[in-house]
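Below is one structure. I have some questions about it.
Here the structure is a predicted model, which means the values were calculated and not measured. Below, chains carry the letters A, B, ... as their sequence lines are ordered, and counting in each starts from 1.
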2 protein chains.
Amino acid sequence: MAEPSREEMLGWVERIAKYCADTDGLPLIAGRILGWLTVCDPPEQSAAEIAEAIGASRASLTTNLRLLSSVGFLSQLTKPGNRTVYYQVDDDAWEKVVQRQVESLTSLGEIMRDGMELVGGSQKRGARIRAAHEVFGWLDKVFANAPPLPSAGRANRTQKEK
Amino acid sequence: MAEPSREEMLGWVERIAKYCADTDGLPLIAGRILGWLTVCDPPEQSAAEIAEAIGASRASLTTNLRLLSSVGFLSQLTKPGNRTVYYQVDDDAWEKVVQRQVESLTSLGEIMRDGMELVGGSQKRGARIRAAHEVFGWLDKVFANAPPLPSAGRANRTQKEK
DNA sequence: CAGTTGTTTCAGTGAAGAATGAAGTAGCTA
DNA sequence: TAGCTACTTCATTCTTCACTGAAACAACTG
């Protein structure tokens, strides 16, 4: 298996960044960081290295690394006798992305439930919202029947590497 | 069942609008329109009526009504001997919202597949992206096992009311 | 042909926020 | 203590975009 070229990797990173920006409202640079850290070698990288790779300023890196860490997508890693902080993506970062999307749908379902209560689902005027509400009932069912997430099998060995 | 007060309705509309703006990147006013049309009485309303209800300018209404129509969330309705155009939400508008979210996740899954191909999922450096990829495999399975959408039962009787 | 009504276009305003350079801070080394 | 080096904060620039008022437009009525 040939090593991927830097260009190929950056192309892929850019797709990820675009996705994050478009659908998650994340800053472009945050998306690039996330993308880069999922394919780079080695997995842990300093802010400076990342900045160089994706072509962003250090200041931006500070801001966005904090953002990603606070949401729990990244973990930090320090090495003895070295002031540099290394960052790496959590193994289940992307799972969190998915979970967040699913949860947001769930919350929309709750709003619909409230709406139905508000206008009375049985009346004529409730037809539209009743249709909407059914969709979320369907969604609930889909996830109720779902197999457990893959991460359930993986212990949370992220972070701790004693 | 008591009629909901205008205030209650507007409060609910605002929740919907916030959701749409936050997670779908829709303009606030578009979200308000969508929300209002989901609970208003009667279901079909003129641009002027909507503008009055949600407190927006007619110009904004034009813009956002076109936006919502182009995405297929609204349908238009005219009455003989009346120049006014009435708008109403499609019965499956909210289903489309859900579908769009799901599709966006699917597309993310494709990006991950490409990424794994890029770095080689078997190598050490592929551990992170392999974990990500598994999540999307899981997602696929979840929807593969899913019951059909409720709209499959409902004929598309929107639009046509002969 | 005027007059009325409903809708659309257009240019402008304001606000939000991404990204940066430069200055500042903190920790290690000699 | 002086001098690096890694990182952070701050103030600023720049862009984007929702929203609006005013004017233009189109269709119908008498």
Donor-acceptor pairs under 3.5 Å, side chain of residues 105-113 of chain B to any protein atom, not counting sequence neighbours: which ones?
unit_1	atom_1	unit_2	atom_2	d
B:Thr106	OG1	B:Val102	O	3.0
B:Ser107	OG	B:Ser104	O	2.8

(request) Identify the two heavy atoms, one from B:Cys40 and one from A:Arg128, that lie closest to each other, and give their separation to 0.1 Å. (result)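 Scanning both residues completely, I find the closest heavy atoms to be O-NH2, 2.8 Å.
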(message) What is the distance, to the nearest angstrom, from the CG atom on A:Leu65 to the P atom on D:dT8?
(response) 8 Å
(request) Round to the nearest Å and state the distance from B:Leu68 atom CG to D:dA18 atom P. (result) 12 Å
(request) Considering non-hydrogen atoms only, spot the tightest contact between A:Val142 and B:Ala146 and give its length. (result) CG2-CB, 3.6 Å
(request) Rounded to the nearest 0.5 Å, what's the gap from CG on A:Leu68 to OG on A:Ser75? Could you check? (result)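 Atom-to-atom, A:Leu68:CG and A:Ser75:OG are 11.5 Å apart.
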(request) Send over the distance from B:Asn82 CG to C:dG6 P, rounded to a whole Å. (result) 8 Å
(request) Please determine, for the side chain of B:Thr84, which listed nucleotide (C:dG6, D:dA6, C:dT5) has the closest atom? (result) C:dG6
(request) Rounded to the nearest angstrom, tell me the gap between atom OH in A:Tyr87 and atom C1' in D:dC7. (result)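 Distance check: A:Tyr87 OH to D:dC7 C1' gives 8 Å.
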(request) Kindly state which residues belonging to residues 25-62 of chain A come within less than 4.0 angstrom of DNA chain D, counting heavy atoms of the residue only, listed by number. (result) A:Ala59, A:Thr62
(request) Rounded off to whole Å, could you give me the CG-to-P distance for the A:Asp24 and C:dG17 pair? (result)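 So the CG-P distance, A:Asp24 to C:dG17, works out to 16 Å.
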Under 3.5 Å donor-acceptor pairs involving side-chain atoms of residues 27-36 of chain B, not counting sequence neighbours:
unit_1	atom_1	unit_2	atom_2	d
B:Arg32	NE	B:Glu14	OE1	3.0
B:Arg32	NE	B:Glu14	OE2	3.0
B:Arg32	NH2	B:Glu14	OE2	2.8
B:Trp36	NE1	B:Gln45	OE1	3.2

(request) Considering non-hydrogen atoms only, spot the tightest contact between B:Tyr86 and B:Asn82 and give its length. (result)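 So the two residues come closest at OH-ND2, 3.3 Å.
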(message) Looking at D:dC25, I'd like to know if its phosphate oxygens (OP1 or OP2) sit under 4.0 Å from a side-chain N or O belonging to B:Arg83.
(response)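 Result: no.
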(request) Would you kindly give the CZ-to-C1' distance between B:Arg66 and C:dC10, to the nearest whole Å? (result)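 Interatomic distance, CZ of B:Arg66 to C1' of C:dC10: 12 Å.
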(message) Rounded to whole Å, how long is the line connecting atom CG of B:Asn64 with atom P of D:dT20?
(response) 9 Å
